[in-house]
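All heavy atoms count here, side chains included; hydrogens, waters and symmetry mates do not. On a predicted model such as this, the values are computed, not experimentally measured, just so you know.
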Protein chains: 2
Amino acid sequence: MPKRTKAEAEATREALLDAAEVIFLERGVSRTSLEQIARQAGMTRGAVYWHFKNKSDLFHAMLERVKMPLRQLLDDVEDPERPNEPLESLRRATLHVVERLQRPRSRRVHTILFHRCEVASDVDVLNLHEKLANECYDTMVERFEQARERGTLTESVEPEIATRMLMSMLVGLMYDWLRNPESYDIGDVGPRMINTFFGRLVHV
Amino acid sequence: MPKRTKAEAEATREALLDAAEVIFLERGVSRTSLEQIARQAGMTRGAVYWHFKNKSDLFHAMLERVKMPLRQLLDDVEDPERPNEPLESLRRATLHVVERLQRPRSRRVHTILFHRCEVASDVDVLNLHEKLANECYDTMVERFEQARERGTLTESVEPEIATRMLMSMLVGLMYDWLRNPESYDIGDVGPRMINTFFGRLVHV
DNA sequence: GCAAGTTTACATTCATGTATGTATGCCTGT
DNA sequence: ACAGGCATACATACATGAATGTAAACTTGC
């Protein structure tokens, strides 16, 4: 029963993306065929090729449904509504990233990004991530420098190093937890890590 | 010119593994064919199938030529020759991991592991890593607890959280740097991060 | 001469992309 | 308001290419 209404077409598009998430997660991106994705969505490959150019296009469309952690952290940190104290602003933004990572879709997609795909095959994703990382790094260093000027950051801690530590901690936490979410409760461990980190950096 | 002496056969085996490192790094594991690896080594696919069962077998043989970071950290930490002070022992072991990661072979293989392969396809590697991570976690928590008893670890820092922080930092650092080693000098940033971490955790 | 080591040839599988078919929704003129 | 026409939203069929694994041939050390 071909040709659906416009709304139904949009629904199958979403269904295909949902299916892609599931199968990519199960089998890894390279080992899944478009046939498998289509069948999971109750469609055929024809539907896939209608909505997407190819597997890579589908993959990118899937990514666009979630917000990248670094992008989100940037937005949070630069939100003018946030508290004026830079360290506190950073702390909250970091906590927020961990929170959002636990949402099912975000979790699935980022598991795929970290553990189920080969970055080499999608060079532009790599570049995108690169730009984001640099931008994020710069913003965070700025905040730590502001904190140092206010005297809220311990003098012995250099802003560049604090930034690398925080970013590494975040990335490492995501990488580890997404590899095996059963191993611990990130909703508990994450905040405790982050709070300990900031607690040890402020001038006491 | 087929059949060489025994030593030459071993040499082609190594050449095949070297070739695999190079091509896997360039193109990602799933996108490289055994043909490409063979040609890079100046052989044909027949040689590959003589020395290895299939691509997965070759991949694992490649992994066995390097020491996994967690395995190495464990060995270092448990080395009875190491200083008696647990925090100092941990600090040195962590520095050592960063040092060794920079060695060309280690760097290539771990870039492949982090960024050029889909873990889903090699389940046993996942399990191996899982066991190592747990073992490593336990040992590190033990050290932090010893430090706490000696009063060298700040009371407000819980051993479990300190362990997660350190492991996340290490994993995140490796992940980030291997993604783009040009972006910063890990030989400088790594030690400064680690020293700052331990410097802020000890009782001051 | 036998077996280790390597090549070549071959059969098979499988995913991809494209081309074609087709039924339906939607729009437009009257 | 409805009939015709066209674009949409898929399904199906097919052609192609690439990678895999295996078997057979070959070549040389021991």
Side-chain angles (χ1 to χ4, degrees), chain A residues 1-62 112 116-118 120-123, chain B residues 1-62 112 116-118 120-123:
Chain A
M1 54 238 69
K3 175 65 177 184
R4 307 282 167 74
T5 170
K6 203 161 222 165
E8 280 175 310
E10 181 57 26
T12 72
R13 192 192 125 98
E14 294 295 312
L16 288 172
L17 291 173
D18 288 344
E21 277 183 18
V22 172
I23 309 290
F24 282 162
L25 189 64
E26 267 178 16
R27 321 222 334 136
V29 173
S30 72
R31 296 201 328 161
T32 77
S33 65
L34 297 182
E35 170 79 27
Q36 289 164 1
I37 292 175
R39 281 217 342 257
Q40 165 83 16
M43 302 275 139
T44 68
R45 260 173 54 250
V48 176
Y49 276 102
W50 175 255
H51 287 282
F52 310 98
K53 203 182 152 206
N54 49 33
K55 200 206 271 188
S56 176
D57 188 36
L58 170 70
F59 180 74
H60 285 85
M62 186 194 74
I112 293 170
R116 304 285 193 277
C117 75
E118 302 178 359
S121 55
D122 296 277
V123 185
Chain B
M1 52 233 75
K3 175 65 178 186
R4 307 282 169 75
T5 168
K6 201 160 224 163
E8 280 176 309
E10 180 57 24
T12 73
R13 193 192 124 99
E14 292 297 312
L16 288 171
L17 291 174
D18 288 345
E21 276 184 18
V22 172
I23 309 290
F24 281 162
L25 188 64
E26 267 179 17
R27 322 222 333 133
V29 174
S30 73
R31 296 202 328 163
T32 77
S33 66
L34 297 183
E35 170 78 26
Q36 290 165 1
I37 292 175
R39 279 215 345 255
Q40 166 83 16
M43 304 275 139
T44 69
R45 258 172 57 248
V48 176
Y49 276 103
W50 175 257
H51 288 283
F52 310 98
K53 205 181 150 209
N54 50 33
K55 199 206 273 187
S56 176
D57 188 36
L58 170 69
F59 180 74
H60 285 86
M62 185 195 74
I112 293 169
R116 304 287 194 274
C117 76
E118 302 179 359
S121 54
D122 297 277
V123 185

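- Atom CD of A:E10 and atom C1' of D:dA9 are 13 Å apart (whole Å).
- To the nearest angstrom, P of C:dG5 lies 13 Å from CG of B:L16.
- Residues B:M43 and B:V48 fail the side-chain proximity criterion, which asks for heavy atoms closer than 4.5 Å.
- Between B:W50 and C:dT6 there is no side-chain polar atom (N or O) within less than 4.0 angstrom of OP1 or OP2.
- Between D:dC10 and A:T12, a contact under 4.0 Å exists linking OP1 or OP2 to a side-chain N or O.
- In this structure, the side chain of A:H51 does not engage the main chain of A:A47 through any donor-acceptor pair within 3.5 Å.
- Taking each heavy atom of A:I23 and A:Q40 in turn, the nearest pair found is CD1-OE1, 3.6 Å.
- Side chain of A:T12 to backbone of A:A15: no donor-acceptor contact under 3.5 angstrom is found.
- A donor atom on one side chain and an acceptor atom on the other are not found under 3.5 Å apart for B:E118 and B:S30.
- Taking atom CD of residue A:Q36 and atom P of nucleotide C:dC14, one finds them 11 Å apart after rounding to whole Å.
- Nearest nucleotide to the side chain of A:K6, out of C:dT6, D:dA9, C:dA15: D:dA9.
- Between the CD1 atom in A:I37 and the OG1 atom in A:T32 there is a gap of 4.5 Å [rounded to 0.5 Å].
- Note: CZ (A:R39) to C1' (D:dA11) measures 15 Å, nearest angstrom.
- Of the side-chain N and O atoms in A:H51, none sit less than 4.0 angstrom from OP1 or OP2 of D:dT8.
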Show each protein N/O and nucleotides 20-24 of chain D N/O combination with a separation under 3.5 Å, one pair to a line.
{"unit_1": "D:dT20", "atom_1": "OP2", "unit_2": "B:L34", "atom_2": "N", "d": "3.2"}
{"unit_1": "D:dG21", "atom_1": "OP2", "unit_2": "B:Y49", "atom_2": "OH", "d": "2.3"}
{"unit_1": "D:dG21", "atom_1": "N7", "unit_2": "B:R45", "atom_2": "NH2", "d": "2.5"}
{"unit_1": "D:dG21", "atom_1": "O6", "unit_2": "B:R45", "atom_2": "NH2", "d": "2.8"}

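- Put simply, the side chain of A:F52 reaches to within 4.5 Å of the side chain of A:L16, judged on heavy atoms.
- Residue A:A47 is in sugar-phosphate contact alone, with no base atom involved, counting any heavy-atom pair closer than 4.0 Å across all strands shown.
- Across the protein-nucleic acid pair, B:R31 atom CZ and C:dC14 atom P stand 22 Å apart, rounded to whole Å.
- End-to-end axis angle for the helix from C:dG1-D:dC30 to C:dT30-D:dA1, using five pairs per end and rounding to 10°, comes out at 10°.
- Side-chain atoms of A:V29 and A:K55, non-hydrogen and from C-beta on, do get closer than 4.5 Å to each other.
- For residues 9-21 of chain A, the set of pairs meeting the salt bridge (Lys or Arg N to Asp or Glu O under 4.0 Å) definition, not counting sequence neighbours, comprises A:E14-A:R65, A:D18-A:R65, A:D18-A:R105, A:E21-A:R65, A:E21-A:R105, A:E21-A:R108.
- Whole-Å rounding puts the A:R27 CZ to C:dC14 P distance at 11 Å.
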